[in-house]
Amino acid sequence: MELLHGDKVHVNESMITREARPVAKKKGDVVIGGTLNENGVLHVQATRVGSESVLSQIVRLVEFVESAQMAKAPVQKFAHRISKYFVPLVIRFHCPTWLLWYMGGKLSWYPKSWIPPSMDSFQLALQFGISVMAIAYPCALGLATTTAVMVDNGVGASQGVLIKGGQALESAHKVSLTVFYNFLTTI
C-alpha cells in the first residue's frame with residue numbers, strides 16, 4: 001500500500017520486519033498491509049492485493065518450508081532401502097546369538113566365571129542378543145539422517161537461510177558462490 005495523506009505518522013511493522021521501533025512514514029512511502037498505525041490518520045491506496053500481498057508471500061514461504069521438510073534426501077531414501085533388507089537380517093542374527101549363549105550357559109560350553117554374579121545364563125544371553133539388535137539395527141541410520149536434515153533446516157532458518165530439503169544439503173558441497181536476497185526489501 002502507498003501512503004496518500006498523513007503527517008507525522010508512525011507505523012509499527014514489527015510483526016513483519018521484526019523492527020523494534022515504529023517507522024516514520026510520509027506521503028509516497030510504502031505501508032505494509034497488516035501493520036499497526038501508532039498515531040495520526042492514514043489514507044492509503046492498495047498497490048498490491050491477493051497473491052502479490054506480503055501476507056501471501058509469507059504464506060508461500062511457509063508452504064515452501066513445509067514442503068522442504070517433507071521431502072526426503074537421497075541419503076534418507078537409501079537408508080530406508082537398506083532397512084528393508086537389513087532389519088530381517090539383524091533379527092536373524094539376534095535370535096541365534098541369544099539361543100547359542102543361552103544354550104552355552106545351560107550346557108556349560110563356557111566357564112561359569114564369564115557370568116557376572118548378578119546374572120544367570122538367561123540374562124547374559126539376553127544381554128548379548130539385545131547388543132546385536134542395538135548395534136546392528138539400522139534405525140540409527142534412519143534416525144540420524146532425518147535428524148541431521150531437520151537440525152540443518154532449523155539452524156539455517158534461525159540464521160535467516162531457508163534450505164529446500166535434504167537434496168539441497170547434499171548438493172551444497174558443490175556450491176562455489178552464494179548470493180543472499182532479502183525478500184522484505186522488495187515490499
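Here the side chain of Lys25 pairs no donor or acceptor atom with the backbone of Asn37 at under 3.5 angstrom. In terms of modelled atom types and a separation under 3.5 Å, the side chain of Asn39 and the main chain of His10 share a donor-acceptor contact.
Nearest heavy-atom pair across Asp29 and Ala24 is OD2-O, 4.1 Å. Ser121 and Lys106 make their closest contact through OG-CE, 3.8 Å (heavy atoms, listed as atom of the first residue, atom of the second, distance).
Transitive grouping of hydrophobic side chains (ILVMFWY, heavy atoms separated by less than 4.5 Å) keeps Leu124 and Trp109 in distinct clusters. Under a hydrophobic-cluster definition in which Ile, Leu, Val, Met, Phe, Trp and Tyr are linked whenever side-chain heavy atoms come within less than 4.5 Å, directly or via other members, Val175 and Val155 are assigned to different clusters.
Side chains of Asp120 and Ile115 form no contact here, defined as non-hydrogen atoms less than 4.5 Å apart. Side-chain atoms of Val11 and Pro22, non-hydrogen and from C-beta on, never get closer than 4.5 Å to each other.
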If you look only at distance, which donor and acceptor atoms sit under 3.5 Å apart when one is on a side chain in residues 90-103 and the other is two or more places apart or in another chain?
| unit_1 | atom_1 | unit_2 | atom_2 | d |
| --- | --- | --- | --- | --- |
| His94 | ND1 | Gly129 | O | 2.9 |
| Thr97 | OG1 | Phe93 | O | 2.6 |

